Amino acid sequence: MSKHSKIKQIRASVIKGGEGGGGADYHDQGEGHWIDNHIATSMGRYPEYRQSRKSFGINVLGTLVVEIECEDGTTGFAVTTGGEPAAYMVEKHFARFLEGRDPFDYETIWDQMYFASQYYGRKGIVVNAISGVDLALWDLMGRLRGEPVYHMLGGAVRNELQFYATGARPDLAKEMGFIGGKLPLLHGPIEGDEGLKKNVELLADMRAKCGDDFWLMYDCWMALDVNYATRLAHACAPHGLKWIEEAISPDDYWGYAQLKKNVPAGMLVTTGEHEATRWGFRMLMEMDCCDLIQPDVGWCGGVTELLKISAMADARGIMVVPHGSSVYSYHFVITRHNSPFAEFLMMAPKADHVAPMFHPQLLGEPVPVNGRLNVSALDKPGFGVELNPDVKLYRPYTH
Ligand SMILES: C[C@H](O)[C@H](O)[C@@H](O)[C@@H](O)C(=O)O
Ligand SMILES: [Mg+2]
């Protein structure tokens with residue numbers, strides 16, 4: 001007989017655009033932010049959509065806030081990307097698998113959410129919604145037990161996290177103590193050899209500013225084809241490009257397998273932030289698509305699924321460095337030997353100082369200091385953060 005308080009209610013809320021700012025939908029930033037400044041994407045083939053990813057809707061979904069309340073009043077929550085469509089699924093479809101149940105039945109809850117939505121889900125926003133519910137369950141379990149999530153995942157295997165920084169200023173990231181800097185790629189195939197030359201020149205400039213021992217990577221956000229990515233990798237090799245990230249479409253497993261053969265020896269091919277579930281990552285690994293996988297724990301299925309993905313990768317000697325997702329990935333990374341470092345997304349508009357990733361939605365969100373975060377910063381129940389009461393929530397659907 002379960003000794004735990006049962007789940008009384010699950011609630012899915014959103015934050016109206018503009019009031020909440022970026023938050024979990026961290027691409028939803030103001031004008032002039034580096035994260036929306038001429039970054040190469042597949043939509044770049046349309047001139048009207050080349051300058052700004054917001055122009056084609058990268059921020060159209062918004063934040064999903066999932067709250068799960070127990071009969072004793074204990075409430076766990078999590079935020080991810082999903083907005084009203086994801087809220088609809090949580091309220092109208094997934095709630096039935098949680099209410100009246102023990103929150104520690106998270107395996108069965110996950111299984112029922114996934115297979116009940118298999119006919120319309122499996123990847124994308126449906127798995128974002130499942131991930132949001134799963135993360136809220138892990139937060140709730142931690143609060144019920146008075147333990148941080150990382151304790152429940154087996155405990156820390158090291159006493160601190162080390163981070164690389166994603167943003168437009170790797171030179172400043174080096175000064176801030178990060179172990180590396182990941183640049184967004186600015187020019188895609190539509191801009192021809194001239195654009196490729198600019199991509200290489202930017203990397204060369206950053207290499208000159210950062211010196212030889214600082215990791216430099218390119219994030220290509222699904223924008224390229226195999227030939228362009230191959231040419232870019234070879235042109236960037238003399239400037240010490242450590243990895244080429246998400247160069248092509250997440251659906252083109254065959255292209256990744258070819259790119260991994262094409263790149264210069266020693267350069268890593270990475271991907272995975274837009275992949276989902278153990279089955280998607282099994283495909284990436286068994287088709288030898290990449291050297292390092294980057295699931296987003298708020299998009300791939302949550303902690304419950306990331307545990308399965310990570311074990312598969314560990315058995316294959318593949319590193320798992322989750323896509324930046326603040327505390328939701330920190331609690332995982334610090335417990336895994338095959339996750340030796342983490343990503344920190346520079347949310348400051350000029351990438352010139354450290355700011356909490358999901359600001360302003362979360363209170364108590366820890367940030368790296370000198371590119372590191374001591375495990376003690378995670379020593380609070382659940383994921384250790386609270387919802388900011390000044391950020392108003394709207395519950396678009398009920399059940
Ligand atoms: C910087 C990239 O274009 C994305 O905005 C970023 O969110 C993601 O790809 C990452 O790896 O951080
Ligand atoms: Mg990326």
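We count ligands from 1, going down the list as the structure has it; atoms in each ligand are counted the same way. In what follows, every heavy atom counts, from backbone to side chain, and hydrogens, waters and symmetry copies are set aside. Fair warning: this is a prediction, and the values are worked out from it, not measured in the lab.
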Peer 1: Identify whether the distance between the nearest side-chain nitrogen and carboxylate oxygen of K308 and E107 falls below 4.0 Å.
Peer 2: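 A salt bridge links K308 with E107.
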Peer 1: Taking the Mg ion (ligand 2) as the reference point, name the nearest N/O/S atom of D219.
Peer 2: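 The atom in question is OD2.
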Peer 1: Can you name the atoms of ligand 1, numbered from 1 with element, that are less than 4.0 Å from a heavy atom of H27?
Peer 2: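 By the 4.0 Å cutoff, the relevant atoms are 4 (C), 5 (O), 7 (O).
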Peer 1: Is the F178 ring parallel, tilted or perpendicular to the F163 ring (thresholds 30°, 60°)?
Peer 2: perpendicular
Peer 1: Quick test of your reading: applying ring pair (Phe, Tyr, Trp, His ring centres under 6.0 Å), list the pairs with at least one residue in residues 224-256, sequence neighbours left out, ordered by first then second residue.
Peer 2: Y164-W243
Peer 1: What is the name of the N/O/S atom in E245 that sits closest to the Mg ion (ligand 2)?
Peer 2: OE2
Peer 1: Pick one of side chain, backbone, both or neither for how Q294 approaches ligand 1, counting any non-hydrogen atom pair under 4.0 Å.
Peer 2: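 For Q294, no heavy atom sits under 4.0 Å from ligand 1.
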Peer 1: Considering residues, nucleotides and ligands other than R231, do more than 12 of their heavy atoms fall under 6.0 Å from its CZ?
Peer 2: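 Buried by this count: over 12 neighbours within 6.0 Å.
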Peer 1: Do R395 and Y397 form a cation-pi contact, if we require the NZ or CZ to be under 6.0 Å from the six-membered ring centre and within 45 degrees of the ring's axis?
Peer 2: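 Cation-pi check for R395 and Y397: fails.
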Peer 1: What part of R53, side chain from CB on, backbone N/CA/C/O, both or neither, has a heavy atom under 4.0 Å from ligand 1?
Peer 2: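 The answer is the side chain.
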Peer 1: Short list, please: which atoms of ligand 1 are under 4.0 Å from a heavy atom of E245?
Peer 2: 11 (O)
Peer 1: What atoms of ligand 1 come within less than 4.0 Å of a heavy atom belonging to L345?
Peer 2: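 Near L345, the atoms of ligand 1 are 12 (O).
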Peer 1: Could you tell me which atoms of ligand 1, counted from 1 in the order shown, lie closer than 4.0 angstrom to a heavy atom of K182?
Peer 2: 10 (C), 11 (O), 12 (O)
Peer 1: Is there a donor in the side chain of T63 and an acceptor in the side chain of D25, or the other way round, less than 3.5 Å apart?
Peer 2: no
Peer 1: Using distance alone, with no hydrogens and no angle criterion, decide if N37 and Q51 have a side-chain donor and acceptor under 3.5 Å apart.
Peer 2: yes
Peer 1: Any N or O on D219 sitting closer than 3.5 Å to an N or O of ligand 1?
Peer 2: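 Yes, D219 has an N/O under 3.5 Å of an N/O on ligand 1.
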Peer 1: Below 4.0 angstrom from a heavy atom of I35, which ligand 1 atoms are there? Numbered from 1 as shown, please.
Peer 2: 5 (O)
